[in-house]
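Here's the structure, in C-alpha cells; my notes come after.
In what follows, chains carry the letters A, B, and so on, assigned in the order in which the sequence lines appear, proteins first and then strands, with residues in each chain numbered from 1. Source: prediction; values computed, not measured.
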2 protein chains.
Amino acid sequence: MTPRQNRTRADRGIPEATVARLPVYLRALHSLQDRGVATVSSEELATAAGVNSAKLRKDLSHLGSYGTRGVGYEVEYLVYQISRELGLTQDWVVAIIGVGNLGRALAGYGGFASRGFRVAGLLDADEDIVGQEISGMTVEHIDRLEDVITERSVSIAVIATPAAAAQGVADRVVASGVTSVLNFAPVVLSVPEGVDVRKVDLSIELQILAFHEQRKAGGPGDLDALASKNGAPPPGAAQQYVEALEA
Amino acid sequence: MTPRQNRTRADRGIPEATVARLPVYLRALHSLQDRGVATVSSEELATAAGVNSAKLRKDLSHLGSYGTRGVGYEVEYLVYQISRELGLTQDWVVAIIGVGNLGRALAGYGGFASRGFRVAGLLDADEDIVGQEISGMTVEHIDRLEDVITERSVSIAVIATPAAAAQGVADRVVASGVTSVLNFAPVVLSVPEGVDVRKVDLSIELQILAFHEQRKAGGPGDLDALASKNGAPPPGAAQQYVEALEA
DNA sequence: TGGTGTGAAGTACTTCACAGCC
DNA sequence: GGCTGTGAAGTACTTCACACCA
C-alpha cells in the first residue's frame, strides 16, 4: 500500500533521467563557450545535446529558473549552475584498480581531469605491471589499496580488473569507505545499501546494437521468422516455434 | 492526437528496457551453465542478474513462455532463446576506428569474440600506428575505411577516435552502409534516421556518480543547502533561492 | 514578439498480487 | 506446494501546448 521510496535519501526533486542528461548539456555548453557563444535558446541547446527542447526545458527547470523568457539561457551561468548541481565545483579523487589495456586507457583519458576528477592511484595485482609508469603515475600493488584510499581520500573507485577479481576489489574499497564505484568488469557487483555502482559494459552495448540490427534486416532472412515474433529461428527450432505462436 | 510511434519499425513487442537487460540475463545464465546448473527459478536468476524477480519474469514473458510453472527455467534452453532474440546466433562483423589507448583495449577485449562479435578491422589516421600489430591484427589506414567495410561486410562500427574526428568517421561509415554505431567519442553524433547509435561515455558516468556522492555527503556542507533544493548555493544565490522555494 | 517554465495529458516501465499450471 | 505468466495498479518519464513575461 505505502508507495516505497526508491530514490536515495537526498535526491529531492531531480529525476534520475535528468541527472543522466545534465553532463550532456554541460558538454554542449562548454563547446558553445569555446565558440564564444554567450546566450543560447532551449531549441539550440537541445539540438546540440541531441534531445528535444521540451525535455531540455523541463530538465533545467528542476535546477531552478535560470533562463530568460524571450531570450534564452546565459551560457556561462548555466554551465556554473549545472556544474554545481553535479558536484563538479569540487574535486573528486579517483583510484583505478586494474591496469590492463582498459585501465591504461582510463588512466590516460583526458575527460577525467578536465571535469574535476583527479586520478590519485593506479593499482594492479600483477608484479610485472606494478612499478610501471603510466600517464605520469607509478602503478602500485593492490596490497596498498586500503592505504591509498584512506591516505589520499579516494571517493570514487574505478574497477577495471578481470571479472573474477572485481567482487573482491569492490568489497575492499567499500570496506575502506568508498561509496561510489564505476565498474567495467562484466559482473554484477553486490554492495551494501548506500553504495552506488554504475556499470559500463562494452559487450552489452554491442548486443543491444545487434538486436536492433537484426530487426532492421527484417529478421535474419528466414521465412519462419515472418510468422514467429522472434528474429532468427535456428536450424531445428520447430518446437519452440510452435510455442512462440501460442503466446 | 494520433499517438506517435517512436519504436523503430520492427521492435514489435519487446520494450527497449527489456532488450537492455537481456544481455545481463544471458551473462548470468552462462555463468550458471559453467557451474553445471540445469534449472533456475526466476528468483535465483533475478538475484544473479541484480534485478527483482517480477521484472525478470515480465521481461522473459516478452520472448515467449519458456519456463515451467512450479519448476523454473531450463538454463540451456533459455540461453538459446535469449541469444536468438538478441541475434547472437549469427556472427557480427565489427570494425574499430581509432586505435589509441581505448581502441587498443577494445581490440583486445575478450567479451567481443565470445559473444559472436568478430573484429575484422582496426583503422587509424596516425601513420605511426598504421601497420602496428594489435591483438593479432594489423592496423590499417583510415583511407581504407570504405573498402574494409564493404569487402568484409562490416555491420557494426566502433568509433574510438578523438572527439573532433568522430562525426567525420560516422558520416563515412554510414555512407558505406553501416547502420549500427557504438560511439566512445564524447560528442553527439548526428546520423540519418534508421541508423542506431549507442554511446559510452566514461566522463558522464563519473559525473553521475559525483552527483550522488555529493548528495550522500548531505550536499557540500553549506548551511543554505539545507533549505534550497540545490546542492551548493554559490555566493549570491539568494535570488534563485527564493524562486526555488516557490516551486 | 519570442522563448521560458509548467500544468496536464500521454507513454513507458515497474511492481504487485494472484490465477493457473506442473 | 511452488513457481511462472500476466492483468491491474502504481510510478517515472516524456511530450504537448500555452500562460506568462522579458
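Residue His62(A) contributes atom NE2, which lies 11 Å from atom C1' of dG5(C) at whole-angstrom precision. What separates CD1 of Ile14(A) from C1' of dA12(D) is a distance of 15 Å, to the nearest Å. Look at CG on Asp59(A): it is 13 Å from C1' on dG5(C), rounded to the nearest Å. Regarding Lys58(B), its NZ atom lies at a distance of 12 Å from the P atom of dT15(C), rounded to whole Å. Atoms OH (Tyr66(A)) and C1' (dT6(C)) sit 17 Å apart, rounded to a whole Å.
Within the 4.5 Å cutoff, side-chain heavy atoms of Leu22(B) are placed close to those of Leu63(B).
The side-chain hydrogen bond (donor to acceptor under 3.5 Å, both in side chains) contacts involving residues 156-175 of chain B comprise Glu146(B)-Arg172(B), Gln167(B)-Asp171(B), where partners must be two or more places apart or lie in separate chains.
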Would you mind writing out the side-chain donor-acceptor pairs for residues 181-191 of chain A within the sub-3.5 Å range, not counting sequence neighbours?
{"unit_1": "Asn183(A)", "atom_1": "OD1", "unit_2": "Ala185(A)", "atom_2": "N", "d": "2.9"}
{"unit_1": "Asn183(A)", "atom_1": "ND2", "unit_2": "Ala185(A)", "atom_2": "O", "d": "3.1"}
{"unit_1": "Asn183(A)", "atom_1": "ND2", "unit_2": "Val187(A)", "atom_2": "O", "d": "3.2"}

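Contacts between residues 18-26 of chain A and DNA chain D, defined by a heavy-atom separation under 4.0 Å, are made by Arg21(A). Residues from residues 42-57 of chain A lying near DNA chain C, meaning a heavy-atom separation below 4.0 Å, are Ser42(A), Arg57(A) in numerical order.
Comment: Glu85(B) engages Arg215(A) in a salt bridge, judged by a side-chain N to carboxylate O separation of less than 4.0 angstrom.
Side chain to side chain, Ser53(B) and Glu43(B) meet the donor-acceptor criterion of an N or O pair below 3.5 Å. In summary, the side chains of Thr89(B) and Arg84(B) do not present any donor paired with an acceptor at a separation below 3.5 Å, with no hydrogens or angles considered.
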Atom pairs under 3.5 Å, N or O on each side, protein against nucleotides 19-22 of chain D: can you list them with distances?
{"unit_1": "dC20(D)", "atom_1": "O2", "unit_2": "Arg69(A)", "atom_2": "NH1", "d": "3.0"}

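For Glu44(A), there are no salt bridge (charged side-chain N to carboxylate O under 4.0 Å, His left out) partners, not counting sequence neighbours.
Note: Trp92(B) CH2 to Phe112(B) CZ = 15.0 Å, rounded to the nearest 0.5 Å. Taken to the nearest 0.5 Å, the CG atom of Leu26(A) stands 9.5 Å off from the CD1 atom of Ile204(B). Put simply, CZ on Arg21(A) and NZ on Lys58(A) are 11.5 Å apart, with the number rounded to the nearest 0.5 Å.
The only option from Leu86(A), Asp196(A), Leu88(A) that meets the side-chain contact (heavy atoms from CB on, under 4.5 Å) definition with Phe211(B) turns out to be Leu86(A).
In this model, the phosphate group of dG5(D) is approached by a side-chain N or O of Tyr73(B) to a distance below 4.0 Å at OP1 or OP2.
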